[in-house]
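Here is the naming used below: chain letters follow the sequence lines, and residue numbers restart at 1 for every chain.
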Amino acid sequence: MTAMKNFWLEIKHVDKKTGARYGILHTPHGDCEVPMFMPVGTLATVKTLSPEELHQMGAGTILGNTYHLSIRPGADVVAKAGGLHKFMNWDGPILTDSGGFQVFSLAENRKISEDGVEFKNHLNGDRLFFSPEVSIDIQEKLGSDIAMSFDECIPWPADYEYCKKSTERTLRWAKRGLDAHKREDQALFGIVQGGDFEDLRKMCAEELVKMDFPGYSIGGTSIGEPKDKFFEMVEYAIKYLPEDKPRYVMGIGSIDYVLGSIARGVDMFDCVLPTRLARHGALMTSHGRVNIKNEKYKEDFTPLDDKCDCYCCKFYTKAYLRHLYVCDETFGKRLLSIHNVRFLIKLVEEARVAIQEDRFEEFMDEKLAEFGDERGF
RNA sequence: GGGAGGGUAGCGAAGAGGCUAAACGCGGCAGACUGUAAAUCUGCUACCUACUGGUUUCGGCAGUUCGAAUCUGCCCCCUCCCA
């Protein structure tokens with residue numbers, strides 16, 4: 001491909017046993033180490049967290065959402081503000097999702113055609129037409145470092161015929177998006193769909209690779225499928241993706257999915273899980289899951305996680321965090337979000353070290369045992 | 001002293017003869033959440049329980065009725081208005 005000057009993946013080390021990769025992702029807004037967990041900031045904010053806090057937590061790239069930002073405040077407003085980075089005061093890399101996930105999550109309010117997707121927007125019912133070209137145009141206006149092809153996130157389960165039809169259309173959309181894409185300071189990723197069918201995943205991956213994207217995502221996962229299906233879908237896709245390009249599994253944030261994906265050669269992943277769980281009082285800790293609202297923490301004056309280095313764990317007790325949660329105090333949600341996001345970022349930081357030392361498998365086993373829960377988070 | 005309205009599960013509040021162990025809200029307890037329509041949603045919340053049932057309830061007592069939180073009488077409390 002005509003390699004982008006300002007975007008490429010530099011693989012530094014591959015774990016000898018698993019094939020897990022350590023590297024540097026170069027982007028127009030700076031370098032990120034991979035594997036990397038990317039917090040989600042759908043509406044130009046990672047809910048409750050400031051950019052300064054995200055930097056302190058070690059966040060590399062964060063996400064924004066094309067569908068949501070195009071409704072409010074509107075792509076033109078963001079463009080006038082000088083782009084998403086300036087608008088939200090985030091100077092690191094930003095990845096924007098294309099709206100493809102909303103084809104799945106807002107399925108009751110949309111109609112798919114070859115041309116694109118007609119949404120009835122969830123706020124006031126206004127018609128909103130998304131096509132590959134529209135999604136690219138919006139993402140170019142937002143000015144993210146990494147844009148996503150407009151796809152259909154296929155529900156699970158879905159039958160073969162549906163997956164085939166949808167995946168072929170997603171491929172045509174990928175081509176249209178690629179043709180429409182102009183910004184040279186923005187990398188456009190293709191997204192592998194195909195449901196849980198090996199031949200469709202293979203076909204989709206191979207066709208996308210022919211189009212020569214600077215990076216590839218694996219989509220249509222973590223939408224209710226069982227864990228073994230998830231890993232199958234990742235494996236079906238990943239073996240057809242080029243080694244020198246970043247691989248991004250969309251929408252995963254539980255410990256087992258994250259570590260299991262890294263072991264299979266995934267470089268990037270994002271998830272709302274840590275921030276949403278935090279707002280709902282559920283915390284990932286090195287001793288397993290904690291529901292901070294539980295009565296048993298009422299007089300527990302120990303930190304949430306004694307092995308965590310985050311601001312929350314450094315200065316606050318479970319009793320205090322429970323109190324804030326029970327009283328529905330905003331500060332509690334902030335502290336818990338700080339913890340969960342830092343927890344995942346730190347887990348991946350440690351994974352990077354383990355990869356470089358060729359002991360990722362042991363690291364993974366150790367962590368999964370530590371978190372105790374077979375089911376993960 | 002006269003008049004009026006009330007007392008229902010932890011709290012607030014429906015219900016006005018059987019379909020009511022009793023709506024709904026709050027509070028309490030527990031659970032879920034994975035490219036964010038999510039600071040949201042679900043379950044439980046008289047008592048016992050092998051979860052399948054069983055036991056005792058709607059201020060108190062006594063009645064009417066096949067059957068009462070709902071009707072009658074008396075009693076005990078509370079609120080408001082006039083003196």
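- When ring centroids are compared, Y316(A) and F331(A) come within the 6.0 Å threshold.
- Taking atom CG of residue L273(A) and atom C1' of nucleotide A32(B), one finds them 11 Å apart after rounding to whole Å.
- At a cut-off of 3.5 angstrom, the base of G28(B) holds no donor-acceptor pair with the side chain of K293(A).
- Between L277(A) atom CG and A39(B) atom P the separation is 12 Å, expressed in whole Å.
- Look at the C1' atom in both A30(B) and U79(B): the space between them is 39 Å, to the nearest Å.
- Remark: G63(B) base-pairs with C71(B). Criterion, Watson-Crick or G-U wobble with two distances under 3.5 Å.
- For U40(B), the base is stacked against the aromatic ring of H280(A), per a cut-off of 5.5 Å between centres and 30° between planes.
- Remark: U79(B) base-pairs with A4(B); criterion is Watson-Crick or G-U wobble with both hydrogen-bond distances under 3.5 Å.
- Taking the side chain of E295(A) as heavy atoms from C-beta on, and the options A37(B), U36(B), A30(B), the nearest nucleotide is A30(B).
- For the OP1/OP2 pair of C41(B) and a distance below 4.0 Å, the side-chain nitrogens and oxygens of R276(A) include no atom meeting the criterion.
- Side-chain N/O atoms of S105(A) include none lying less than 4.0 angstrom from OP1 or OP2 on U36(B).
- Two residues, S149(A) and R279(A), neighbour RNA chain B, and the one matched to the more 5' nucleotide by heavy-atom proximity is S149(A).
- Comparing the P positions of A23(B) and A46(B) gives a spacing of 9 Å, expressed to the nearest Å.
- Of the side-chain N and O atoms in N294(A), one or more sit less than 4.0 angstrom from OP1 or OP2 of G31(B).
- Between the P atoms of A21(B) and A68(B), the separation comes to 12 Å (whole Å).
- Salt bridge status for D179(A) with K175(A): present, with a side-chain N to carboxylate O gap under 4.0 Å.
- A cation-pi contact links R264(A) to F231(A), judged by a cut-off of 6.0 Å to the six-membered ring centre and 45° from its axis.
- Remark: C1' of A37(B) and CG of L43(A) are 10 Å apart, rounded to the nearest angstrom.
- When distances are taken from the side chain of M250(A) to each of G35(B), A39(B), U36(B), the shortest belongs to G35(B).
- Centroid-to-centroid, the aromatic rings of Y67(A) and H122(A) come within less than 6.0 Å.
- Here Q102(A) does not reach the OP1 or OP2 of G35(B): none of its side-chain N or O atoms lies under 4.0 Å away.
- At whole-Å resolution of the value, CZ in R289(A) and C1' in C33(B) are 7 Å apart.
- A straight line from CG of L336(A) to C1' of U40(B) spans 16 Å, rounded to a whole angstrom.
- Using a 4.0 Å heavy-atom cutoff across all strands shown, I191(A) reaches at least one base atom of the nucleic acid.
- For the P atoms, the distance linking U8(B) with C61(B) amounts to 16 Å, nearest Å.
- Both V326(A) and G219(A) lie close to RNA chain B; mapped to their nearest nucleotides by heavy-atom distance, the more 5′-ward contact belongs to V326(A).
- Base pairing annotation: U56(B) forms no Watson-Crick or G-U wobble pair, as no partner gives both donor-acceptor distances under 3.5 Å.
- Side-chain to base pairing of D151(A) with G35(B): one donor and one acceptor N or O lie within less than 3.5 Å of each other.
- Nucleic acid contact class of A282(A) (heavy atoms, under 4.0 Å, all strands): base.
- Only the P atoms considered, U20(B) is 16 Å distant from U45(B), to the nearest whole Å.
- We find that CE of M38(A) is positioned 9 Å from C1' of G35(B), with the value rounded to whole Å.
- Note on Q193(A): a base of the nucleic acid sits closer than 4.0 angstrom, heavy atoms only.
- Residue contacts shown for G281(A) are absent, as no nucleic acid heavy atom lies under 4.0 Å away.
- Whole-Å rounding puts the K47(A) NZ to A38(B) P distance at 6 Å.
- Rounded to a whole angstrom, the distance from the C1' atom of G35(B) to that of G43(B) is 30 Å.
- Paired with E118(A) under the rule salt bridge (charged side-chain N to carboxylate O under 4.0 Å, His left out), one option of R127(A), K111(A), R110(A) passes, and it is R127(A).
- Outside the 6.0 Å centre-distance limit, the rings of F301(A) and Y320(A) are not counted as a close aromatic pair.
- Of the candidates C33(B), G35(B), A37(B), A37(B) carries the atom nearest the H122(A) side chain, counting heavy atoms from C-beta on.
- Among all heavy-atom pairs drawn from E152(A) and R169(A), the shortest one is OE1-NH2, 3.2 Å.
- One atom, CG of N291(A), and another, P of G31(B), lie 5 Å apart when rounded to the nearest Å.
- Counting non-hydrogen atoms under 4.0 angstrom, S217(A) reaches nothing in the nucleic acid.
- R110(A) comes within 4.0 angstrom of no nucleic acid atom, judged by non-hydrogen atoms across all strands.
- Annotation: G17(B) and C26(B) have their P atoms spaced 30 Å apart (nearest Å).
- Contact annotation for E225(A): no contact, since no heavy-atom pair falls under 4.0 Å across all strands.
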| request: Could you check D151(A) against S149(A) for side chain to side chain donor-acceptor pair (under 3.5 Å), going step by step and ending with a plain yes or no? | output: CA-CA 6 Å; D151(A) 64 333; S149(A) 295; over 6 Å; no

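- Nucleotides A22(B) and C75(B), compared at atom C1', are 26 Å apart to the nearest Å.
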